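For the single chain, residues carry numbers from 1 onward in sequence order. Read the numbers this way: they start at 1 and go in the same order the structure lists the ligands and their atoms. Bear in mind the structure is a predicted one, so any value in this text is a computation, not a measurement.
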Amino acid sequence: MNVVLIGFMASGKTSIGRRLARRLGYHLLDCDHFIEEQLGCTIAELFERRGEPYFRELETRLARRLPALENTVIATGGGMPIAPGNLDLLRRAGPVVFIKADPEDILKRLERDTRRPKVQGGNVRETALGLLEARLPIYSQADFTVASAGKGLNRTAGEIIRLVAGFQRAAPESAPTEPPVETRG
Ligand code: S3P
């Protein structure tokens, strides 16, 4: 089984994913880091050189390969479940868990951030809250939602472990055809 973490930027998916992977004895695939390593540049550089649509295409290509993974915690980028069809691909990889962070905590982190191109320049609060509102209906379609505010990584990871234990999708979809993705342990 895999566990897929979705949620807004700066909501702690990578840190929670790392802790979760350690506790489960799973690999961790951080989708943003994977794309950065494959391309040899940062997401911000990629946005600048090739534009957002190119990045989204890479995300979708990666999403298509995720169902072939085994025993992996998949930390997605905040926009990965948004493109039509991507949430279904994520569901095929495993139970999808929405990490629901407190918007004020998110904003505090984003206001200090220089790496996330979606919120650079202009009014970070306005841009981020607008995006969050637009995306919430999609994040909310996750199999499980875990509120992370005021909880440490260990407690959040423990909740996820209890939620996904014994998870089985009601109607499994067809077997994946894409090659497996290499992950780091
Ligand atoms: C994005 C989120 C980022 C990264 C890119 C775009 C988004 O990932 O994929 O900057 O559109 O929400 P994090 O959620 O890890 O910040």
For the residue pair Phe47 and Phe55, does the interplanar ring angle fall in the parallel (under 30°), tilted (30 to 60°) or perpendicular (over 60°) class? tilted

Please check if Leu69 and Val96 belong to a single hydrophobic cluster, counting links between Ile, Leu, Val, Met, Phe, Trp and Tyr side chain heavy atoms closer than 4.5 Å. yes

Counting non-hydrogen protein atoms only, what is the nearest one to atom 16 (O) of ligand 1? Give residue, atom name and distance. Arg116 NE, 2.6 Å

Looking at Arg135, Arg109, Arg56, the heavy atom closest to atom 6 (C) of ligand 1 belongs to Arg56

Got an N/O contact under 3.5 Å between Lys118 and ligand 1? no

As a check for students: among Thr42, Asp32, Leu5, identify the option with a heavy atom nearest to atom 9 (O) of ligand 1. Asp32

Under 3.5 Å between any N/O of Gly78 and any N/O of ligand 1: does that happen in this structure? yes

So for atom CD, which belongs to Glu111, do other residues, nucleotides or ligands contribute more than 12 heavy atoms lying within a distance under 6.0 Å? yes

State whether the shortest distance between N or O atoms of Thr76 and N or O atoms of ligand 1 falls below 3.5 angstrom. no

Charged N-O contact under 4.0 Å between Glu104 and Lys108: no

Mark up the atoms of ligand 1 that fall under 4.0 Å of a heavy atom belonging to Pro117, in ascending order. 10 (O)

Can you hop from Ile43 to Leu29 via hydrophobic side chains spaced under 4.5 Å? yes

Among protein heavy atoms, which lies nearest atom 5 (C) of ligand 1, and at what distance? Ile43 CG2, 3.8 Å

Can you hop from Leu89 to Phe167 via hydrophobic side chains spaced under 4.5 Å? no

Arg115 and ligand 1 - part of the residue with a heavy-atom distance under 4.0 Å: neither

Lys/Arg N to Asp/Glu carboxylate O, Arg169 vs Asp143, below 4.0 Å: yes

